[in-house]
Each structure stands twice: as structure tokens, then as C-alpha cells.
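Please read the structure below before turning to the comments.
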Amino acid sequence: MDFCFDDTETDKYLHDIQLADVETHKQFYKKLGYIFIELPKFNKQETELSNTMDKWLFVLKNMYQLEKFPVFLKKSIFEKLFKLSEMSNLSKEDYISYIRSQMRKWDYQNILNTARSTGLQEGRQEGLQKGLQKGSEEERKRIARNMKEQGIAPDIITITTGLDSTALQQL
């Protein structure tokens with residue numbers, strides 16, 4: 001809250017309120033309650049912030065006057081908060097421009113991701129196919145060499161291995 005209750009302690013800014021039955025004064029429901037924070041009463045300085053709750057209250061109370069991102073708030077949640085607050089100060093035209101640039105960035109990233117995943121699979125398949133073809137070609141040449149060394153006629157080697165006569169002569 002950006003105001004103080006009339007009849008609360010001057011230094012107590014955090015109030016944990018539970019609902020109670022008016023007649024019996026028993027707690028109505030344990031899981032239902034309210035927490036009120038009187039921000040004007042929160043007066044800790046940067047050096048006095050001891051936990052995350054203190055940091056949140058400090059940011060909520062002082063964000064309007066913070067000109068740059070404080071070093072002591074180097075957590076991703078606070079960085080997101082400051083980014084959102086910067087966006088809320090943009091003019092309508094600048095906001096639309098920002099959203100469009102984000103959409104272009106996301107589209108580009110999605111295109112890259114799709115190209116990588118599709119390209120990798122296709123590239124692997126193509127590489128495997130070329131490797132198999134080259135291996136098959138090398139195997140046919142090896143067999144032809146062995147047959148040639150054993151003195152088998154070139155016509156039979158050509159028919160058996162599928163190599164043409166030019167390839168056979170180069171062995």
C-alpha cells in the first residue's frame with residue numbers, strides 16, 4: 001500500500017492478517033488471509049537490505065526514482081522487473097516498434113533452430129549416403145585389384161565388380 005493505516009505501530013510495516021469469526025473469535029480458514037505492507041513505513045537503505053523481501057520492498061518503494069539498475073539487485077527476477085518497467089515508459093509507437101523487433105528476433109531464432117535441426121538430420125543422412133557409396137566404390141576397387149593380381153580376365157572383372165574398363169586400367 002502506498003499509505004499507512006491510521007492506528008498501527010509507527011515502525012511496523014508488514015501485517016499478516018487472518019480472518020476470524022466475529023462471535024467465536026476463532027480463525028475462519030487457515031489458508032485464507034491477507035498480507036498488508038505499508039510502504040511509506042519501510043525506510044531501509046541499500047546497505048541495510050538483508051534478505052529478498054527487503055530488496056523487493058526497496059524496489060517497490062523506490063523504483064520511480066531509480067535511474068539505473070542497482071548492483072545489489074543482480075538477480076534475473078529483478079532484471080526482468082526493470083526491463084518491464086522500462087517498457088512501460090515507452091511511447092505507444094516505441095512499444096509497437098519494440099514488440100515488432102522482438103517478433104523478428106523470435107522468428108529469426110525459430111528459423112535458425114528449424115534449419116539446424118532439419119539441416120543436421122538431412123546433412124547426416126546425406127553424409128551417411130555418400131560414405132556408403134564411397135565405401136562401396138572402394139570395396140569394388142579392392143576386389144577388382146585382387147582379381148587382376150590373380151590374372152582374371154578384364155571382361156570378367158568388369159562384369160563382376162561393375163567397374164568400367166577405364167577405372168579398371170587405373171588400378
Side-chain angles (χ1 to χ4, degrees), residues 14 16 29-35 37 39 42 44-171:
L14 186 63
D16 189 358
Y29 185 63
K30 290 181 183 181
K31 296 180 182 179
L32 180 61
Y34 299 96
I35 295 178
I37 302 168
L39 278 179
F42 181 81
K44 290 186 180 182
Q45 300 303 312
E46 289 181 29
T47 55
E48 300 174 291
L49 305 179
S50 59
N51 56 43
T52 305
M53 172 69 89
D54 285 351
K55 291 176 182 178
W56 271 107
L57 295 178
F58 181 85
V59 168
L60 290 173
K61 183 175 181 179
N62 299 296
M63 182 174 272
Y64 73 95
Q65 63 189 14
L66 295 175
E67 298 204 10
K68 61 180 184 167
F69 187 73
V71 175
F72 68 92
L73 294 175
K74 288 291 181 192
K75 281 189 173 180
S76 64
I77 189 71
F78 291 116
E79 289 172 2
K80 288 179 186 176
L81 176 66
F82 273 82
K83 188 160 186 89
L84 285 172
S85 71
E86 287 174 354
M87 287 178 47
S88 70
N89 287 329
L90 295 176
S91 68
K92 185 177 180 179
E93 294 81 22
D94 288 342
Y95 178 75
I96 291 170
S97 177
Y98 172 77
I99 294 299
R100 285 183 180 151
S101 73
Q102 285 297 104
M103 291 171 117
R104 281 191 300 274
K105 178 182 165 187
W106 298 329
D107 287 346
Y108 178 73
Q109 192 60 49
N110 287 333
I111 289 168
L112 283 179
N113 291 342
T114 302
R116 283 183 185 130
S117 65
T118 305
L120 282 175
Q121 290 172 355
E122 289 173 1
R124 284 184 185 136
Q125 287 176 344
E126 186 179 330
L128 180 62
Q129 196 70 8
K130 285 182 180 178
L132 289 173
Q133 286 173 353
K134 186 170 182 165
S136 174
E137 181 74 20
E138 292 299 317
E139 182 64 15
R140 292 188 312 161
K141 287 180 181 178
R142 187 187 64 74
I143 291 169
R145 243 185 258 110
N146 287 342
M147 292 175 79
K148 196 174 179 182
E149 288 173 4
Q150 292 179 8
I152 297 176
D155 293 350
I156 294 173
I157 297 173
T158 302
I159 292 169
T160 305
T161 62
L163 294 175
D164 60 22
S165 58
T166 308
L168 191 59
Q169 288 173 359
Q170 293 175 353
L171 295 177

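Residue numbers count from 1 along this sequence. Since we're looking at a predicted model, the values are computed, not measured.
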Rounded to the nearest 0.5 Å, what separation is found between the [atom1] atom of [X] and the [atom2] atom of [Y]?
X    : Y    : atom1 : atom2 : result
N51  : L57  : CG    : CG    : 8.5 Å
E46  : K55  : CD    : NZ    : 11.0 Å
N146 : Q150 : CG    : CD    : 6.5 Å
I37  : M53  : CD1   : CE    : 5.0 Å
W106 : S101 : CH2   : OG    : 8.5 Å

Checking Q109 against N113: is there a side-chain donor and acceptor pair closer than 3.5 Å?
yes
Please check if any side-chain donor atom of S97 sits under 3.5 Å from a side-chain acceptor atom of D94, or the reverse.
no
Quick check against the 3.5 Å criterion: does E48 have a side-chain atom that pairs as donor or acceptor with the backbone of Q45?
yes
Side-chain contact, heavy-atom cut-off 4.5 Å: D54 with F42?
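Side-chain contact under 4.5 Å: yes.
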